[in-house]
**Q** 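Right, I'll just put the structure down here and ask away after.
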Amino acid sequence: MTESLKQKVYEANMMLPKYNLVTFTWGNVSQIDRETGLFAIKPSGVAYEDLSPDDMVIMDLEGNHIEGKLKPSSDTAAHIALYKAFPEIGGIIHTHSTWATSWAQSGRDIPCYGTTHADYFYGPIPCTRDLSEEEYGEYEKNTGLLIAETFSLRHLDYRSIPAVLCRNHGPFAWGKDAQEAVYHGTVLERVAEMAAHGEALNTSIMPAPQAMQDKHYLRKHGRNAYYGQ
């Protein structure tokens with residue numbers, strides 16, 4: 001089982017440079033097997049061109065290093081917090097992709113300005129508050145807990161908004177598995193870029209009408225969805 005999980009996570013991590021989501025080693029992907037509670041994640045600080053499936057690290061949800069000769073990603077504790085808080089997700093991506101990180105560093109949600117956004121995210125993509133000085137003691141764990149807090153306090157559904165911006169840090173995204181998490185992370189980056197260009201072109205830009213947002217999200221994800229084959 002772990003060999004298959006490591007292969008899937010390796011393939012998902014290799015999609016990050018393919019879609020221009022990472023520079024150097026600035027990103028990681030994980031995927032969990034919910035039956036065993038084990039997940040695979042990229043090792044810390046290893047260049048993508050040097051990675052192999054066998055380098056992926058197997059962890060459990062208590063933070064125990066189960067398998068692998070390398071240290072897991074420094075963001076592992078954040079992944080664990082998200083897997084515990086969001087029980088229906090199966091994969092997580094974290095990057096410092098340029099456009100999404102620009103919004104995170106600005107401390108702003110990404111408004112839904114058009115149908116591309118609405119096709120994948122049902123409403124604005126939220127940006128968290130700053131971590132407190134005390135929370136930096138367990139920085140990675142508290143980053144994950146802060147994401148969960150943001151969704152709880154703002155009454156957001158992590159299934160219909162599968163991404164978040166960590167203020168002054170960067171984006172996380174998730175999905176049913178690692179590949180879908182990368183897909184959502186890639187869409188997030190493109191939506192962030194389009195939103196920034198839209199605001200530059202029109203300083204009076206307004207969010208898309210709610211009826212348009214409803215139509216585009218629900219035709220793909222609603223009970224009576226009809227988009228696709």
Side-chain angles (χ1 to χ4, degrees), residues 12-29 48 75 78 82 89 91-131 143 146-147 150-151 154-175 178-222 225-228:
N13 273 284
M14 297 309 291
M15 294 169 69
L16 303 191
K18 176 181 178 181
Y19 291 114
N20 297 315
L21 297 180
V22 295
T23 302
F24 300 123
T25 62
W26 307 348
N28 48 75
V29 185
Y48 286 88
D75 294 303
L82 289 175
I89 67 175
I92 298 168
I93 174 180
H94 169 56
T95 74
H96 291 214
S97 58
T98 301
W99 290 98
T101 300
S102 297
W103 285 87
Q105 291 182 169
S106 299
R108 291 187 57 194
D109 295 359
I110 303 177
C112 180
Y113 287 135
T115 62
T116 309
H117 182 133
D119 278 340
Y120 298 95
F121 305 103
Y122 197 31
I125 298 162
C127 186
T128 69
R129 63 170 172 80
D130 283 318
L131 286 166
T143 294
L146 177 56
I147 293 169
T150 300
F151 276 72
R154 295 177 61 172
H155 305 290
L156 302 175
D157 184 351
Y158 68 87
R159 292 159 296 192
S160 58
I161 307 176
V164 70
L165 306 173
C166 291
R167 188 167 185 149
N168 299 318
H169 185 178
F172 281 78
W174 47 83
Q179 188 170 39
E180 185 173 73
V182 173
Y183 187 93
H184 288 151
T186 304
V187 175
L188 169 62
E189 178 66 1
R190 303 297 170 256
V191 165
E193 181 179 8
M194 286 186 278
H197 285 314
E199 291 193 354
L201 289 165
N202 179 3
T203 57
S204 300
I205 191 173
M206 296 293 290
Q210 190 61 48
M212 176 182 286
Q213 295 187 43
D214 291 346
K215 181 65 176 180
H216 274 262
Y217 184 82
L218 296 174
R219 72 175 187 158
K220 294 189 76 168
H221 308 283
Y226 61 86
Y227 179 91

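Throughout, residue positions are numbered sequentially from 1 according to the sequence presented.
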**Q** For a quick test of reading the model, state the closest non-hydrogen atom pair linking Glu199 to Ile205 and the distance between them.
**A**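 Smallest heavy-atom distance, with atoms named: CG-CG2, 3.8 Å.
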**Q** What are the two closest heavy atoms between Ala195 and Ile110, and how far apart are they?
**A**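 For Ala195 versus Ile110, the nearest heavy atoms are CB-CG2, 3.8 Å.
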**Q** Would you give the length of the straight line joining atom OG1 of Thr101 to atom CG of Asn168, rounded to the nearest 0.5 angstrom?
**A**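 That separation rounds to 11.0 Å.
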**Q** Among residues at least two apart in sequence or on other chains, which ones pass side chain to side chain donor-acceptor pair (under 3.5 Å) with Tyr120?
**A**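 Once residues adjacent in sequence are excluded, the partners of Tyr120 under the side chain to side chain donor-acceptor pair (under 3.5 Å) criterion are Tyr183, Lys220.
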**Q** Less than 4.5 Å apart, any side-chain heavy atom of Arg108 and any of Cys127?
**A**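 No, side chains not in contact.
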**Q** Roughly how far, to the nearest 0.5 Å, is NE2 of His94 from CG of Leu21?
**A**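 Rounded to the nearest 0.5 Å, the CG-NE2 separation comes to 12.0 Å.
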**Q** Would you sort out whether Arg190 and Thr116 count as a side-chain contact (heavy atoms from CB on, under 4.5 Å), showing the intermediate values?
**A** CA-CA 9 Å; Arg190 303 297 170 256; Thr116 309; 5.9 Å; no
**Q** Report the C-alpha separation of Tyr122 and Tyr217 in whole Å, then their side-chain angles, then the decisive distance to 0.1 Å, and conclude whether the ring pair (Phe, Tyr, Trp, His ring centres under 6.0 Å) test is met.
**A** CA-CA 6 Å; Tyr122 197 31; Tyr217 184 82; 4.8 Å; yes
**Q** Crowded around Tyr19 OH? As in, over 12 foreign heavy atoms under 6.0 Å?
**A**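 12 or below, so no.
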**Q** Side-chain contact, heavy-atom cut-off 4.5 Å: Leu16 with Ile93?
**A**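 When only atoms from C-beta onward are counted, Ile93 and Leu16 do touch, with a gap below 4.5 Å.
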**Q** Decide side-chain contact (heavy atoms from CB on, under 4.5 Å) for Tyr48 and Lys18; before the verdict, give the C-alpha distance in whole Å, the side-chain angles of both, and the deciding distance to 0.1 Å.
**A** CA-CA 10 Å; Tyr48 286 88; Lys18 176 181 178 181; over 6 Å; no
**Q** Atom NE2 in His169, atom CD1 in Ile147: separation rounded to 0.5 Å?
**A**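 So the gap between those two atoms works out to 9.0 Å.
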**Q** Under the criterion side-chain contact (heavy atoms from CB on, under 4.5 Å), I'd like the reasoning laid out for Ile125 against His117: C-alpha separation, chi angles, the key distance, then a yes or no.
**A** CA-CA 9 Å; Ile125 298 162; His117 182 133; 3.8 Å; yes
**Q** Taking Ala100's backbone N and O only, do any of them form a donor-acceptor pair with Glu189's side chain (distance below 3.5 Å, no angle check)?
**A**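 Checked: pair present.
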**Q** Show the nearest heavy-atom pair for residues Ala163 and Pro126, with the distance to one decimal.
**A**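 Closest pair (atom of Ala163, atom of Pro126, distance): O-CD, 3.8 Å.
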**Q** Decide yes or no for Thr115 and Met212: does some side-chain heavy atom of the first lie under 4.5 Å from some side-chain heavy atom of the second?
**A**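 In contact.
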**Q** Within a 6.0 Å radius of atom CD on Glu193, are there more than 12 heavy atoms belonging to other residues, nucleotides or ligands?
**A**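 More than 12 within 6.0 Å, yes.
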